[in-house]
Amino acid sequence: MSMGTQPRARRDAAIALPHDAFAMGARRRQKVLPEHARAHNRTLVLQTLLDDGPGSRADLARATMLTRVTVSDLVAELLQEGLLVELGPRDGARPGKPATLLDLAHDTFQLVGLDLSEPHRFRGAIVRLDGTVVERLEREIGEATGDAALEHAIELARALVARADRVVLGVGVGTPGIVDAAGVVHQAPNLGWHELPLRDRLADALELPVHVANDANIALLAELSSSGAETLLVVRIGLGVGAGVAVAGAPVRGDRSAAGEIGHVTIGTDGGPRCACGRDGCLEAWLAAPRLRAAIDAAGEAGRERVLEEAGRRLGIAVAPIVGAIDVRRIVMSGPPALIEGPLLEATAATLRERTLDEGDGLVVAMTEHGDDVVVRGAALLVRTGELGVS
């Protein structure tokens, strides 16, 4: 068996455990209906080890409120599938036979994450189960759109799978545009994709499980993994502009899988630049990275600050109603630091404070702490949730 090939037992287990990161919401540890119990209880055991670190069977029974017999049966199954490993006896002097510690098989599997949201290039990474990036890879795509852009994504994924030195659990993809739960990209104007079954096309080419979501929503997953159950707005600036929204730690997808699709909201009544969608004055036309760079080049160094301040003001106008509607106190910005940090971010924060009921009590607008890896890490988390059920 090659390192990049998923064993049949794991493929069957993955099929038996369908999960959706945007439907799971906050982390859960309560029992459910009997017909869902086994799959849910597997998730309880895996999530507990992910959150708390190594533990014994007795530790797991206490933490999950499952019986010891149930935990023992689940652990035996998960050990056979290679998802858990036994670390040996617990250290320390205790009466009786020392308990055997269990942990997730962090060194058995790897995840592949793709970020298709940047201008002129696609980025990817090999990621451990704990979210640590092992290796990064980029592929220049120039102005490619349509089938040519899809082929670039396939080849980048193939290269990463080939470089993996562990079994690849699956591939996660963050792409611009409106993406539904089946991984169909309904609209991604900047890549020339319309009704593209991206998940299925990649899965067929790679012969691996593939999970696809909007890049801003995937960045949101990465932020939630380090911040917990909070109401949060993540704004992603790249080839386009989008936002990921979470309320009390639960990601919001929306009725059309288009929650946070703010890039094609028209800002103001003064016209504005022509957008890739064909309308004038969309937020994306003011704020997408290629548009900002072109506007700065046209304005010259003397006009750079003015261009960035205007972009930040337009973003603040677009986001202010969201802040009021969901009472969000932290907004995370993701994208090129050279464009976002400084005048743009400051103008966004100032506009939000002018246009909302902020009383100086903690509305924070800040750059992501994940840097350029925010989408590939989020994409890896999407795979982890989809294949193992853990968030």
Are any non-hydrogen side-chain atoms of [X] and [Y] less than 4.5 angstrom apart?
| X | Y | answer |
| --- | --- | --- |
| Val235 | Ile331 | yes |
| Val161 | Leu208 | yes |
| Leu87 | Pro54 | yes |
| Gln110 | Val134 | yes |
| Leu169 | Leu388 | yes |
| Arg236 | Val241 | no |
| Ile218 | Val376 | no |
| Val45 | Leu78 | yes |

Approximate separation, where rounding is to 0.5 Å, of [X] [atom1] and [Y] [atom2]:
| X | Y | atom1 | atom2 | value |
| --- | --- | --- | --- | --- |
| Ser334 | Asp372 | OG | CG | 8.0 Å |
| Thr108 | Leu129 | OG1 | CG | 8.0 Å |
| Leu202 | Leu150 | CG | CG | 6.0 Å |
| Asp73 | Arg68 | CG | CZ | 14.0 Å |
| Leu114 | Arg139 | CG | CZ | 11.5 Å |
| Ile340 | Met367 | CD1 | CE | 4.5 Å |

Is there a path of hydrophobic side-chain contacts, each under 4.5 Å between heavy atoms of I/L/V/M/F/W/Y residues, joining [Y] to [X]?
| X | Y | answer |
| --- | --- | --- |
| Val85 | Leu46 | no |
| Val167 | Leu79 | yes |
| Leu287 | Ile178 | no |
| Leu101 | Leu66 | no |

Is there a donor-acceptor pair under 3.5 Å between the side chain of [X] and the backbone N or O of [Y]?
| X | Y | value |
| --- | --- | --- |
| Asn214 | Pro176 | no |
| Thr385 | Leu382 | no |
| Asp297 | Ala294 | no |
| Arg166 | Asp107 | yes |
| Trp193 | Gly146 | yes |
| Asp180 | Val184 | yes |
| Thr48 | Leu44 | yes |
| Ser257 | Arg253 | no |

If you compare all heavy atoms of [X] against all heavy atoms of [Y], which two are closest, and at what distance to 0.1 Å?
| X | Y | value |
| --- | --- | --- |
| Ala259 | Val252 | CB-O, 3.4 Å |
| Gly263 | Cys282 | O-CB, 3.4 Å |
| Leu224 | Pro251 | CD1-CG, 4.0 Å |
| Ala149 | Phe122 | O-CE1, 3.3 Å |
| Asp280 | Gly272 | CB-O, 3.8 Å |
| Val210 | Leu206 | CG2-CD1, 4.4 Å |

Show, in sequence, the C-alpha distance, side-chain angles and deciding distance for Asn217 and Val179, and conclude whether the side chain to side chain contact (heavy atoms under 4.5 Å, CB included) test is met.
CA-CA 10 Å; Asn217 285 334; Val179 187; over 6 Å; no
Would you mind checking if [Y] and [X] are paired as a salt bridge, meaning a charged N to carboxylate O distance below 4.0 Å?
| X | Y | value |
| --- | --- | --- |
| Arg279 | Glu284 | no |
| Arg42 | Glu77 | yes |
| Glu223 | Arg377 | no |

His120-Glu140 side chain donor-acceptor pair, cut-off 3.5 Å
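Per modelled atom types, His120 and Glu140 side chains form no pair under 3.5 Å.
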Please walk me through it: do Arg136 and Asp115 pass salt bridge (charged side-chain N to carboxylate O under 4.0 Å, His left out)?
CA-CA 11 Å; Arg136 300 171 181 84; Asp115 176 3; over 6 Å; no
Begin from the C-alpha positions of Arg57 and Glu86 and carry the test salt bridge (charged side-chain N to carboxylate O under 4.0 Å, His left out) through to its verdict.
CA-CA 11 Å; Arg57 289 165 176 80; Glu86 291 186 324; 2.9 Å; yes
Between Glu207 and Arg158, is the salt bridge (charged side-chain N to carboxylate O under 4.0 Å, His left out) condition met? List the steps.
CA-CA 10 Å; Glu207 297 185 334; Arg158 280 179 173 152; over 6 Å; no
Looking at Arg199, Glu387, Arg384, which hits side chain to side chain donor-acceptor pair (under 3.5 Å) with His211?
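Result for side chain to side chain donor-acceptor pair (under 3.5 Å) with His211: Glu387.
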List the steps, then state whether side chain to side chain contact (heavy atoms under 4.5 Å, CB included) holds for Ser226 with Glu369.
CA-CA 10 Å; Ser226 56; Glu369 295 182 357; over 6 Å; no
Before giving the answer on side chain to side chain contact (heavy atoms under 4.5 Å, CB included), spell out for Arg329 and Leu232 the whole-Å C-alpha distance, their side-chain angles and the decisive distance to 0.1 Å.
CA-CA 7 Å; Arg329 309 310 297 158; Leu232 180 66; over 6 Å; no
Return a table of donor-acceptor pairs under 3.5 angstrom between the side chains of residues 309-321 and protein atoms on other chains or two or more places apart.
{"unit_1": "Glu310", "atom_1": "OE1", "unit_2": "Arg313", "atom_2": "NE", "d": "3.3"}
{"unit_1": "Glu310", "atom_1": "OE2", "unit_2": "Arg313", "atom_2": "NH2", "d": "3.1"}
{"unit_1": "Glu310", "atom_1": "OE2", "unit_2": "Arg314", "atom_2": "NE", "d": "2.7"}
{"unit_1": "Glu310", "atom_1": "OE2", "unit_2": "Arg314", "atom_2": "NH2", "d": "3.1"}
{"unit_1": "Arg314", "atom_1": "NH1", "unit_2": "Ile267", "atom_2": "O", "d": "2.9"}
{"unit_1": "Arg314", "atom_1": "NH1", "unit_2": "Asp270", "atom_2": "OD1", "d": "3.1"}
{"unit_1": "Arg314", "atom_1": "NH2", "unit_2": "Asp270", "atom_2": "OD2", "d": "2.6"}

With a sphere of 6.0 Å drawn around CZ of Arg291, does it hold more than 12 non-hydrogen atoms of other residues, nucleotides or ligands?
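Counting neighbours around CZ of Arg291, more than 12 heavy atoms of other residues, nucleotides or ligands fall under 6.0 Å, so yes.
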Would the number of heavy atoms belonging to other residues, nucleotides or ligands and lying under 6.0 Å from CZ of Arg128 be above 12?
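Correct, the count exceeds 12.
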What residue among Leu74, Asp103, Leu104 forms side chain to side chain contact (heavy atoms under 4.5 Å, CB included) with Leu84?
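That would be Leu104; it is the only one of Leu74, Asp103, Leu104 passing the side chain to side chain contact (heavy atoms under 4.5 Å, CB included) with Leu84.
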Qualifying residue, where the test is side chain to side chain contact (heavy atoms under 4.5 Å, CB included) with Thr175 and the options are Leu196, Leu191, Asp215:
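Per the side chain to side chain contact (heavy atoms under 4.5 Å, CB included) rule, the option paired with Thr175 is Leu191, out of Leu196, Leu191, Asp215.
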When you look at Thr368 and Val234, which way does the side chain to side chain contact (heavy atoms under 4.5 Å, CB included) test go after all the steps?
CA-CA 9 Å; Thr368 177; Val234 175; over 6 Å; no
